[in-house]
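Per chain, numbering begins at 1; letters A, B, ... match sequence-line order. Because the structure is predicted, anything quoted here is derived from the model rather than measured.
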Amino acid sequence: MTTEIKAFADFGLAEPILRAVTEMGYTEPTPIQAQAIPLVLQGRDVMGAAQTGTGKTAGFALPILQLLLPKASSSASPLRHPVRALIIAPTRELADQIHVNVAAYAKHSQLRSAVVFGGVDIKPQIAAVRQGVEVLVGTPGRLLDHVEQKTVNLSQVEIFVMDEADRMLDMGFLPDIQRIINLLPKKRQNLMFSATFSGDIRKLAESFLQNPVSVEVARRNATAENVEQKAYKVDSTEAKRAAVAKLVRDNGLSQVIVFSNTKIGAGRLARQLVQDGLNAAAIHGDKSQQERLATLDSFKRGEIVVLVATDVAARGLDIAELPAVINYDLPYSPEDYVHRIGRTGRAGASGIALSLMTPAEERYLAEIEKLIKRQIPVESLAVVTPPRERGARPERSERSERPRGERPERTERPRGESEEARAPRRTEDRGGARRTPRPSGPPLAGYSNDPFFFKPYESPEDEKQPAEGDAAAAPASGRKRSSRPVAALLGGKKG
DNA sequence: AAAAAAT
């Protein structure tokens, strides 16, 4: 019954939708679109195994708009515009991007969409939703905030989409997702997309999808065939910083996302790269939402050459023709590797994924290779670390180079430890400064980028105060997050 | 272990 669909025109999409697609220059659906669109149009629940960049968003957005179209009305009354399709996504940038796409596909129809996410003023969102929107996109927390404020009503939702479901579980969104699902009508169509498929994802799927059809484009947990992967051994963290600039230049990369495991590391690397003459900027969760969106926009426009990012950018972001990704750190979880390198080689284009690893990180490579079921060639990369005089003190001025608005590092220390005892521990994750001689010390063994390493001991009060944010205080503030397995949260219930 | 996400 699966007829080969070769053109968007064959899906039977209504004229306003097809016209928008055509105007955007699309004629042929991607494999996931070819599979998913007819199923969604039939009203089926769909479980999609697809990374972004496969055209996934259009794969659900186009048929959703088609399904909503017959009842679309141009009535000015907001009451006639209940939210009929709800799309949730793990990060604010991704939600925003989905909304932009939906709005583009819907521009010739009467259908309207809006996006809600945190980190920005809620009032414009309330105003937008008041206008009446058929399609609402959002991140879970702010969406629930709107529900509580009664600015959003989800009781008329006909189609519910969970994008990047694996990521949402990783981020502890399950309780929020369940609250959202409880607000939806029992009878509805569900679509769920995930790039990786753990047991937890399957359990979640079983719990809320009804008789779903599976749609799969890429091999499970596989990385794109068209992405050339390499890993480089480097001696140290300092070497990694220098290596990034070298890799960008040697490979003539016009644009690249560099992934760092930490926010601090991302900020530092970006600053270093700027010093090295590359147009670089960092994006991570400690930047204001305004900055995050502006940086991303500037990267998309090609102004920024190197985007240094934490995993906030690992999933879902669609940057056209991104030629390369560099892992400044190997990710802690192999799934994250799949997502990160999924930023390149998108929609059939070729891409390069380069990873840097210190000796300590080499063990992560094996797990990654196991997951992606392929070997990643490893080379050694000799780089000249920054030209500092031997024995020179790391510049204090580095501290003042921190851009305004970016948080300083935390200087908290474990209490009751001697200065000697804590120094090596602190340095371990602070850019590699060490007091003890380095095993195979290159000339710059004492070099450190750690702005606090030589900082004089500050306030004795710190030590007298009870430690802030310790085990007793932490759970009381902030949202409750559970690390219980999905099965437990789902009450052991099986579909 | 880290990051992200409502305030």
Side-chain angles (χ1 to χ4, degrees), chain A residues 88-97 115-126 129 137-152 162-180 183 195 237 257-269 282-289 291-293 296 307-317 327-337 339-340 343 357-358 360-361 363-364 367 406-407 409-410 412 414 425-426 428-431 469 474 476-483:
Chain A
I88 59 171
T91 66
R92 298 162 180 175
E93 280 80 5
L94 182 54
D96 192 47
Q97 183 182 287
V115 61
V116 296
F117 53 76
V120 294
D121 191 359
I122 198 170
K123 290 190 213 82
Q125 296 176 356
I126 293 173
V129 173
V137 188
T139 48
R142 180 57 71 89
L143 178 66
L144 286 168
D145 193 0
H146 277 279
V147 171
E148 275 162 24
Q149 296 197 33
K150 304 224 187 298
T151 50
V152 162
M162 257 184 78
D163 202 5
E164 307 272 345
D166 47 356
R167 175 66 150 182
M168 292 212 266
L169 288 195
D170 288 351
M171 287 167 60
F173 274 145
L174 188 57
D176 283 351
I177 290 168
Q178 295 208 291
R179 288 180 60 203
I180 291 166
L183 296 163
T237 309
I257 296 184
V258 180
F259 284 104
S260 161
N261 283 358
T262 64
K263 293 182 276 199
I264 289 169
R268 276 194 191 151
L269 176 61
I283 184 167
H284 56 67
D286 276 355
K287 300 270 187 184
S288 73
Q289 192 56 36
E291 248 182 311
R292 280 165 60 170
L293 293 169
L296 191 60
L307 182 67
V308 186
T310 58
D311 281 317
V312 67
R315 308 194 191 198
L317 290 190
N327 287 307
Y328 173 71
D329 301 307
L330 279 184
Y332 294 124
S333 104
E335 279 84 8
D336 285 336
Y337 179 87
H339 288 287
R340 288 178 179 188
R343 299 308 98 214
M357 48 185 192
T358 56
E361 289 175 306
R363 64 195 176 92
Y364 295 123
E367 287 176 58
E406 197 168 324
R407 278 182 212 171
E409 288 174 69
R410 297 167 66 195
E412 61 177 28
R425 150 115 59 113
R426 281 207 307 135
E428 197 56 43
D429 54 1
R430 297 286 164 112
S477 65
R479 294 153 86 183
K480 244 200 297 184
R481 283 297 177 219
S482 175
S483 55

Query - Among B:dA2, B:dA5, B:dA6, the nucleotide that comes nearest once only the side chain of A:Tyr332 is considered - result: B:dA2
Requested in this report: Compare every heavy atom of A:Ala282 with every heavy atom of A:Ala266, then report the nearest pair and how far apart it is.
Outcome: O-CB, 3.8 Å
Query raised in the report: When we call it a touch if two heavy atoms are under 4.0 Å apart, what does A:Asp145 touch: a base, just sugar-phosphate, or nothing?
Result: base
Requested in this report: Return the value, rounded to whole Å, for the distance between atom CG of A:Asp170 and atom C1' of B:dA4.
Outcome: 10 Å
Query raised in the report: Which nucleotide in the set B:dA4, B:dA6, B:dA1 lies at the smallest distance from any side-chain heavy atom of A:Thr139?
Result: B:dA6
Query raised in the report: Just how far, in rounded Å, is P of B:dA6 from CD1 of A:Ile126?
Result: 15 Å
Requested in this report: Output the single nucleotide from B:dA3, B:dA5, B:dA6 whose closest atom is nearest the side chain of A:Glu148.
Outcome: B:dA6
Report task. Please name all residues satisfying side-chain contact (heavy atoms from CB on, under 4.5 Å) with A:Asp166, sequence neighbours left out, ordered by chain then number. Result -> A:Glu164, A:Ser194, A:Ala195, A:Thr196, A:Ile201, A:Arg315, A:His339
Requested in this report: Return the nearest nucleotide to the side chain of A:Asp336; candidates are B:dA2, B:dA4, B:dA6.
Outcome: B:dA2
Query raised in the report: Any side-chain N or O of A:Arg292 less than 4.0 Å from the OP1 or OP2 oxygen of B:dA5?
Result: yes
Query raised in the report: Can you find a side chain N or O atom of A:Thr310 that sits less than 4.0 Å from OP1 or OP2 on B:dA2?
Result: no
Query - Distance in angstrom units between A:Asn261 CG and B:dA4 C1', rounded - result: 14 Å
Query raised in the report: Reckon A:Pro90 touches a base, only the sugar-phosphate, or nothing at all at heavy-atom distances under 4.0 Å?
Result: sugar-phosphate
Requested in this report: Taking only the side-chain nitrogens and oxygens of A:Arg92, find out if one of them lies under 4.0 Å from OP1 or OP2 of B:dA4.
Outcome: no
Report summary line: Applying salt bridge (Lys or Arg N to Asp or Glu O under 4.0 Å) to A:Lys123 and not counting sequence neighbours gives A:Asp121
Query raised in the report: Among the nucleotides B:dA2, B:dA6, B:dA5, which one has an atom lying closest to any side-chain atom of A:Thr262?
Result: B:dA2
Requested in this report: Quick one: label A:Tyr364 by what it contacts on the DNA or RNA (base, sugar-phosphate, nothing), any heavy atom closer than 4.0 Å.
Outcome: base
Report summary line: note: A:Arg363, atom CZ; B:dA1, atom C1'; distance rounded to Å ~ 10 Å
Query raised in the report: Stepwise, does the side-chain contact (heavy atoms from CB on, under 4.5 Å) test hold for A:Thr237 with A:Tyr328?
Result: CA-CA 9 Å; A:Thr237 309; A:Tyr328 173 71; 3.6 Å; yes
Requested in this report: Rounded to the nearest angstrom, tell me the gap between atom CD in A:Glu335 and atom P in B:dA3.
Outcome: 18 Å
**Report entry** Side-chain N or O of A:Arg167 closer than 4.0 Å to phosphate OP1/OP2 of B:dA3
**Finding:** no
Query raised in the report: Given atom CD of A:Gln289 and atom P of B:dA3, what is their separation to the nearest angstrom?
Result: 17 Å
Query raised in the report: Quick one: does A:Arg92's side chain have a donor or acceptor within less than 3.5 Å of a partner on A:Gly118's backbone?
Result: yes
